[in-house]
Amino acid sequence: MTTSAVPTAAGSGSAATDKFKSNRITSDTSPERAAAIYKDVLSKLGEVIHEHEVTYQEYRVLKQWLISVGEGGEWPLWLDVFLEHFIEDSNSRIFNGTKGSIEGPYYVPDAPNLGSHATMPMREDEKGTALVFKGQVRDLDGNGIDGASVELWHADSDGYYSQFDDGLGIPEWNLRGTFTTDSEGRYSINTIQPAPYQIPHDGPTGEFIASYDGHPWRPAHLHLKVTAPGKRLITTQLYFTGGKWVDDDVAGAVKPELMLDPKPNDDGVDQVVYDFVLDPVSDPIYVA
Ligand code: MBD
Ligand code: FE
């Protein structure tokens with residue numbers, strides 16, 4: 001049991017690594033394509049080494065650092081913070097629906113199904129400003145989609161995620177839910193405003209950030225996966241206008257289309273409407 005109230009990189013990182021390893025991932029990449037990618041990666045890395053005349057001592061430091069990232073279980077963290085946004089960006093250019101963003105390391109499938117108008121699982125004394133998050137899921141023609149699935153997960157008001165809290169005792173499905181749109185495609189979720197997220201920086205990911213004099217912060221964000229039968233799944237994040245770190249996300253995952261600006265509703269509760277538009281999977285440009 002840790003005495004610190006802050007999840008360590010090794011604690012939350014190992015949980016993310018263990019969850020990731022529980023699935024066997026495969027891809028139908030052809031050997032030719034794989035060879036072309038590997039060759040390019042190596043030759044571009046070689047160029048960087050030559051350009052900067054990387055020394056043997058620097059090479060050994062790199063080796064040591066790579067080993068410690070693995071030992072600390074920090075690969076999901078490091079990769080999703082520093083690389084995933086390139087993958088997401090290069091995969092989403094051709095679509096017309098709502099913009100995607102990175103998934104990050106803390107998604108868990110099969111969160112409790114709560115219907116179309118519901119409250120996120122949360123503790124009785126859950127801290128944080130109440131937030132009503134509602135909207136409609138539509139197709140490209142503007143029709144509401146009945147029975148679309150809206151998965152929402154986010155940090156609590158201290159910036160911690162359930163199931164990755166390194167023993168803080170947050171309930172298993174806290175602030176994680178699956179919602180299903182009503183006959184008009186609408187959903188309405190009562191939750192709380194998440195806090196900005198400080199990625200755990202007491203391990204090799206933190207060393208990496210310190211080495212270029214960076215900061216470990218992500219702006220406050222909601223994570224979402226939205227889909228419906230015959231529609232392309234969108235994985236995305238939503239941010240809060242004017243929020244801290246919105247212009248300087250360590251993970252480079254903010255897009256102008258993904259901003260929320262909640263205002264008090266008639267009950268005085270902060271409320272924001274966000275509509276999702278889903279591309280069809282049969283869209284000819286899908287097979288790019
Ligand atoms: C997060 O919550 C997150 O969204 C990302 C991308 C990386 C680390 C923690
Ligand atoms: Fe996150």
Side-chain angles (χ1 to χ4, degrees), residues 6-20 69-70 72-92 99-109 111 120-122 128 131 133 150-166 168 170 173-178 189 191-210 212 214-226 234-240 243-255 258-260 274:
V6 180
T8 61
S12 51
S14 318
T17 296
D18 289 346
K19 281 226 162 66
F20 189 82
V69 175
E74 289 191 39
W75 278 121
L77 179 68
W78 192 91
L79 288 166
D80 292 354
V81 168
F82 293 105
L83 229 50
E84 190 185 352
H85 67 102
F86 295 118
I87 305 281
E88 194 283 321
D89 192 51
S90 106
N91 278 269
S92 65
K99 292 274 180 268
S101 186
I102 63 178
E103 177 176 306
Y106 301 148
Y107 170 66
V108 187
M120 281 283 259
M122 64 177 87
L131 176 70
F133 173 67
V150 177
E151 285 180 88
L152 173 65
W153 73 102
H154 63 82
D156 67 13
S157 74
D158 290 324
Y160 302 139
Y161 285 85
S162 59
Q163 303 191 41
F164 302 91
D165 64 347
D166 197 13
L168 284 183
I170 300 176
W173 294 103
N174 211 58
L175 301 176
R176 296 176 181 276
T178 305
I189 303 169
T191 187
I192 56 110
Q193 184 110 19
Y197 181 81
Q198 186 179 29
I199 63 166
H201 57 285
D202 58 315
T205 301
E207 260 178 71
F208 177 80
I209 293 169
Y212 65 79
H215 70 73
W217 289 93
R218 300 213 59 224
H221 55 278
L222 304 177
H223 287 275
L224 290 128
K225 281 184 186 278
V226 181
I234 301 175
T235 299
T236 196
Q237 299 187 29
L238 297 171
Y239 306 90
F240 296 89
K244 211 159 181 216
W245 311 111
V246 156
D247 299 320
D248 190 18
D249 176 11
V250 62
V254 179
K255 299 182 186 184
L258 300 177
M259 303 308 298
L260 302 175
Y274 197 88

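For ligands, and for the atoms within them, numbers begin at 1 and follow the listed sequence. Along the sequence shown, residues carry numbers from 1.
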Considering only the protein, which heavy-atom contact is closest to [atom], and what is its distance?
atom	answer
atom 2 (O) of ligand 1	Y161 OH, 2.9 Å
atom 9 (C) of ligand 1	Y197 CE2, 3.2 Å
atom 6 (C) of ligand 1	I102 CD1, 3.2 Å

Purely on distance, is any nitrogen or oxygen of [X] under 3.5 Å from one on ligand 1?
X	answer
E103	no
R218	yes
Y106	no
H223	yes

Report task. Below 4.0 angstrom from a heavy atom of V81, which ligand 1 atoms are there? Numbered from 1 as shown, please. Result ->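 In order of numbering, the contacting atoms are 7 (C), 8 (C).
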Query - Numbering as shown, the atoms of ligand 1 that approach I199 to under 4.0 Å (heavy-atom distance) - result: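 Per the distance check, 8 (C).
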Query raised in the report: When the aromatic ring centroids of F208 and Y212 are compared, is their separation below 6.0 Å?
Result: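 Ring centres of Y212 and F208 closer than 6.0 Å.
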**Report entry** Residue part near ligand 1, for P105, under 4.0 Å between non-hydrogen atoms
**Finding:**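 Answer for P105: side chain.
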Query raised in the report: Is H221 near ligand 1, meaning one of its heavy atoms is under 4.0 Å from it?
Result: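 Heavy atoms of H221 do come under 4.0 Å of ligand 1.
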Query raised in the report: Checking ring pair (Phe, Tyr, Trp, His ring centres under 6.0 Å) against Y197, which of W245, Y161, Y160, W217 comes through?
Result: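 When W245, Y161, Y160, W217 are each tested with Y197, the ring pair (Phe, Tyr, Trp, His ring centres under 6.0 Å) holds only for Y161.
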Query raised in the report: What angle, to the nearest 10°, do the atoms OH (Y161) and NE2 (H221) form about the Fe ion (ligand 2)?
Result: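 Y161 OH and H221 NE2 form an angle of 80° at the Fe ion (ligand 2).
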Requested in this report: Decide yes or no for W153 and Q163: does some side-chain heavy atom of the first lie under 4.5 Å from some side-chain heavy atom of the second?
Outcome: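 Of all side-chain heavy-atom pairs linking Q163 with W153, none is under 4.5 Å.
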Query - Contact check: H154 to the Fe ion (ligand 2), N/O/S below 2.8 Å - result: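 No - counting backbone and side chain alike, H154 has no N, O or S atom under 2.8 Å.
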Query raised in the report: Say you draw a straight line from CD of Q193 to NE2 of H154; how long is it, rounded to the nearest 0.5 Å?
Result: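 Atom-to-atom, Q193:CD and H154:NE2 are 9.0 Å apart.
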Query raised in the report: What distance do Q237 atom CD and R218 atom CZ have between them, rounded to the nearest 0.5 Å?
Result: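 The CD atom of Q237 sits 4.0 Å away from the CZ atom of R218.
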For [Y], is there any backbone N or O sitting under 3.5 Å from a side-chain donor or acceptor partner on [X]?
X	Y	value
Y239	A253	yes
T236	K99	yes
D156	D158	yes

Requested in this report: Assign the ring pair F82 / W78 to parallel, tilted or perpendicular, where the plane angle (0 to 90°) is split at 30° and 60°.
Outcome: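 Correct class here is tilted.
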